[in-house]
Amino acid sequence: MRAFVLRARSAPTDSQLFLASVGQEAHTEILAHTLMNTIFVAQSHRNDVVVYLVLESTHDFSRTICFDTRNICHIGGFHEQALLTKIAKALDISRGMTKEQTRVVDEGITVSTISFEKLVQDLAVDYQLFMMDKKGTSIREQEFVGNPCFLLTDHIPMPKKSFNTLKRLGAQKISLGPKMLFASQCVVLIHNELDINQ
Ligand SMILES: C[S@@+](CC[C@H](N)C(=O)[O-])C[C@H]1O[C@@H](n2cnc3c(N)ncnc32)[C@H](O)[C@@H]1O
């Protein structure tokens, strides 16, 4: 399995605010683009990928929306609007949830009130964590054994305190080259590298 975590620090957990933030400062379209490129291939979707979108602009708890491609049946299309609608639906379903609760959104899709820190601690049990960083080891020099999990952010960088948590969990920094890319571009390059080498 390949896992991808997009930590969207500026993404609102209120569905209406989330949808209204497309093209605005929070750039919530990043979530749809990243989801699209992580899950879909031409005429199909991958079936060995789990994507976690962590939305952190909230009055109560972060929302972690999980898309597990082993169980997803019909997501409603791969265009931006379909994916944004699905995320907004998950946010609506999550209203009123207490800390560390999970609800089913659709087949293969869940929403949880768990934080990024708790999520990565849980993922570290089954996955080797890789933090995407322009200054890390080149992905072409990295050997992948077992299940990799790639950690990305939106346009707001990872806060310093998270680095200590990630270091403790053995996360390694991986680079895709000298240009600063969108998260949605990173996932294409990561998939391609693994597709060729695994
Ligand atoms: C638009 S970038 C985030 C930019 C953010 N302002 C920063 O300074 O980290 C989105 C995500 O892609 C990752 N990323 C962008 N270019 C990369 C590269 N060349 N190699 C590895 N990761 C990259 C970043 O680490 C981040 O997780």
Side-chain angles (χ1 to χ4, degrees), residues 1-13 18 21-41 46 49-58 62-67 78 80 83-84 87 114-124 127-198:
M1 285 303 285
R2 301 174 189 175
F4 293 83
V5 178
L6 176 64
R7 183 177 195 176
R9 298 190 62 205
S10 61
T13 57
F18 172 80
S21 300
V22 172
Q24 305 299 312
E25 212 181 319
H27 286 294
T28 44
E29 67 276 14
I30 289 171
L31 284 84
H33 299 167
T34 305
L35 190 56
M36 191 267 177
N37 284 336
T38 313
I39 290 184
F40 294 101
V41 287
R46 294 176 182 270
V49 175
V50 187
V51 187
Y52 299 88
L53 304 177
V54 186
L55 293 81
E56 292 194 339
S57 179
T58 185
S62 298
R63 300 298 196 277
T64 295
I65 307 174
C66 171
F67 297 80
F78 57 84
E80 190 178 288
L83 301 174
L84 291 169
I87 295 167
I114 64 166
S115 66
F116 175 80
E117 270 77 15
K118 171 79 171 94
L119 175 68
V120 289
Q121 276 164 24
D122 291 350
L123 288 173
Y127 290 89
Q128 169 66 48
L129 303 180
F130 295 102
M131 199 162 47
M132 299 318 296
D133 186 326
K134 217 160 57 94
K135 295 192 185 126
T137 305
S138 166
I139 193 164
R140 294 188 182 161
E141 284 159 23
Q142 180 68 47
E143 209 189 325
F144 294 100
V145 279
N147 302 313
C149 171
F150 302 94
L151 310 174
L152 296 134
T153 62
D154 59 5
H155 50 292
I156 305 182
M158 200 73 81
K160 282 220 172 79
K161 75 175 172 83
S162 299
F163 284 111
N164 295 331
T165 309
L166 292 170
K167 219 170 156 185
R168 263 203 324 276
L169 295 171
Q172 297 172 44
K173 291 184 180 175
I174 295 218
S175 172
L176 297 164
K179 292 255 188 265
M180 182 60 88
L181 305 167
F182 290 127
S184 59
Q185 297 171 327
C186 291
V187 299
V188 174
L189 295 176
I190 295 166
H191 270 320
N192 182 248
E193 206 57 39
L194 296 180
D195 288 346
I196 289 170
N197 291 311
Q198 285 191 331

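In each ligand, atom 1 is the first atom listed, and ligand 1 is the first ligand listed. In this text the structure is predicted, and so the values were computed from the model without any measurement.
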Any idea which atoms of ligand 1 are less than 4.0 Å away from a heavy-atom of [X]?
| X | answer |
| --- | --- |
| His155 | 5 (C), 6 (N) |
| Gly177 | 18 (C), 19 (N) |
| Leu152 | 12 (O), 27 (O) |

**Prompt:** Hey, does Asp133 have a side-chain heavy atom less than 4.5 Å from the side chain of Ser175?
**Reply:**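 Answer no - side chains too far apart.
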**Prompt:** Can you name the one residue among Leu83, Leu55, Leu84 that meets side-chain contact (heavy atoms from CB on, under 4.5 Å) with Leu31?
**Reply:**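 Per the side-chain contact (heavy atoms from CB on, under 4.5 Å) rule, the option paired with Leu31 is Leu55, out of Leu83, Leu55, Leu84.
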**Message:** I need the single residue from Val120, Leu123, Asn164 that forms a side-chain contact (heavy atoms from CB on, under 4.5 Å) with Leu169. Which is it?
**Reply:**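 That would be Val120.
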**Request:** Give a yes or no on whether the ring-centroid distance for Tyr52 and Phe67 is below 6.0 angstrom.
**Result:**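 So the answer is no for these two rings.
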**Request:** Kindly say whether the aromatic ring centers of Phe150 and His191 come within a distance under 6.0 Å.
**Result:**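 Ring-ring flag for Phe150/His191: false, centres at least 6.0 Å apart.
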**Asked** Can you tell which of Asp154, Ile139, Leu176, Leu181 gets a heavy atom nearest to atom 15 (C) of ligand 1?
**Response**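 Looking at heavy atoms only, the winner is Leu181.
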**Asked** What residue and atom, counting heavy atoms only, is the protein's closest point to atom 10 (C) of ligand 1, and at what distance?
**Response**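 Of every protein heavy atom, Thr153 O, 3.3 Å lies nearest to atom 10 (C) of ligand 1.
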**Prompt:** Of the protein's non-hydrogen atoms, which lies at the shortest distance from atom 23 (C) of ligand 1, and what is that distance?
**Reply:**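 For atom 23 (C) of ligand 1, the nearest protein heavy atom comes out as Cys186 SG, 3.6 Å.
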Test your reading of the structure: does [X] have an N or O sitting under 3.5 Å from an N or O of ligand 1?
| X | value |
| --- | --- |
| Lys179 | yes |
| Met180 | no |
| Met132 | yes |
| Ile174 | no |

**Message:** If we set the cut-off at 4.0 Å for heavy atoms, which region of Asp133 has an atom near ligand 1: side chain, backbone, both, or neither?
**Reply:**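 Within the 4.0 Å criterion, Asp133 contacts ligand 1 through backbone atoms alone.
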**Prompt:** Do the side chain of Asp154 and the main chain of Ser10 share a donor and acceptor less than 3.5 angstrom apart?
**Reply:**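 Confirmed, Asp154 side chain pairs with Ser10 backbone.
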**Request:** For the pair His155 (side chain) and Glu25 (backbone), establish whether a donor and an acceptor sit closer than 3.5 Å, ignoring hydrogens and angles.
**Result:**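 Yes; judged by distance alone, with no hydrogens or angles, the pair exists.
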**For the student: nearest non-hydrogen atoms of Ser21 and Glu29, plus distance** =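 Between these two residues, the closest heavy atoms are O-OE1, 4.1 Å.
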